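Taking it in order: structure first as structure tokens, then the write-up.
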Amino acid sequence: MIAAFALILVCQLFGEVISELFDLPVPGPVIGLGLLFIGLIVKRHPPKVLTDAADNLLIHFSLLFVPAGVGVVTQLDRLRGDWLPITAALIFSTLLAMVLTALLMSKLLPKPKASVSEGEAK
């Protein structure tokens, strides 16, 4: 398990280094996630220890939102001043994500086959 967490942190470290070296506007952890994703695609099958570590992280996923919640509380004055554009952006982006997800799923999921063929129905 420690090796899997080390792999995740090394990917994050490489992402930070790439972000700083090339002065990219993308955060290092996002680049690190991309590196991990590319590594998993190349390997084609994630190691068991990595899937176990990911499962343990997902079990405690709600704890990762605590720092974000604290950050929101520290910015209440800004939220009070800009509540309308923030609310509009949240609603618009949520609806857009839902519509795009539905369209993508309708394109990617296999179409159900009819149980009765056209010739038999007549």
Side-chain angles (χ1 to χ4, degrees):
M1 182 93 55
I2 292 175
F5 286 128
L7 174 65
I8 294 169
L9 290 175
V10 165
C11 287
Q12 181 178 351
L13 175 65
F14 284 154
E16 289 284 353
V17 169
I18 290 170
S19 179
E20 289 295 320
L21 275 179
F22 297 107
D23 196 30
L24 299 174
V26 180
V30 173
I31 296 172
L33 182 66
L35 292 172
L36 181 62
F37 180 67
I38 291 168
L40 290 173
I41 287 174
V42 168
K43 185 145 171 89
R44 293 189 182 214
H45 191 273
K48 175 83 168 109
V49 67
L50 188 60
T51 58
D52 291 344
D55 288 341
N56 281 329
L57 279 175
L58 288 174
I59 290 170
H60 305 292
F61 195 62
S62 60
L63 292 176
L64 299 176
F65 288 100
V66 171
V70 171
V72 168
V73 170
T74 64
Q75 299 296 323
L76 285 179
D77 291 336
R78 179 175 288 182
L79 290 174
R80 280 189 198 105
D82 295 329
W83 70 270
L84 185 59
I86 292 171
T87 303
L90 285 171
I91 291 171
F92 176 74
S93 63
T94 301
L95 292 175
L96 181 65
M98 290 170 64
V99 167
L100 290 177
T101 300
L103 289 173
L104 186 63
M105 286 186 63
S106 70
K107 297 288 183 194
L108 293 178
L109 288 177
K111 302 289 184 239
K113 294 182 179 181
S115 60
V116 178
S117 66
E118 290 181 22
E120 296 174 2
K122 292 183 179 181

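Worth knowing before you read on, the calculation uses all heavy atoms, side chains too, and leaves out hydrogens, waters and symmetry mates. Just so it is clear, the structure is predicted and the values come from calculations on it, not from any experiment.
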Could you check whether any side-chain heavy atom of I38 comes within less than 4.5 Å of a side-chain heavy atom of I41, counting everything from C-beta outward? no
Scanning both residues in full, the closest heavy-atom pair of S106 with L103 reads OG-O, 2.7 Å
Can you give each donor-acceptor pair under 3.5 Å made by side-chain atoms of residues 2-29, sequence neighbours left out, with the distance rounded to 0.1 Å?
unit_1: S19; atom_1: OG; unit_2: V26; atom_2: O; d: 2.9

Does [X] share a hydrophobic cluster with [Y], counting links as ILVMFWY side-chain heavy atoms below 4.5 Å and allowing steps through other members?
{"X": "V72", "Y": "V66", "answer": "no"}
{"X": "L35", "Y": "V30", "answer": "yes"}
{"X": "L50", "Y": "M1", "answer": "yes"}
{"X": "F92", "Y": "L100", "answer": "yes"}
{"X": "L95", "Y": "M105", "answer": "no"}

Out of curiosity, D52 CG to L57 CG, how far, rounded to the nearest 0.5 Å? 11.5 Å
Could you work out, with salt bridge (charged side-chain N to carboxylate O under 4.0 Å, His left out) as the rule, every residue matching D77, not counting sequence neighbours? R80
If the condition is salt bridge (charged side-chain N to carboxylate O under 4.0 Å, His left out), which residues does K111 pass it with, not counting sequence neighbours? none
Check this for me, if you would: do R78 and D82 make a salt bridge, where the nitrogen-to-carboxylate-oxygen distance has to be below 4.0 angstrom? no
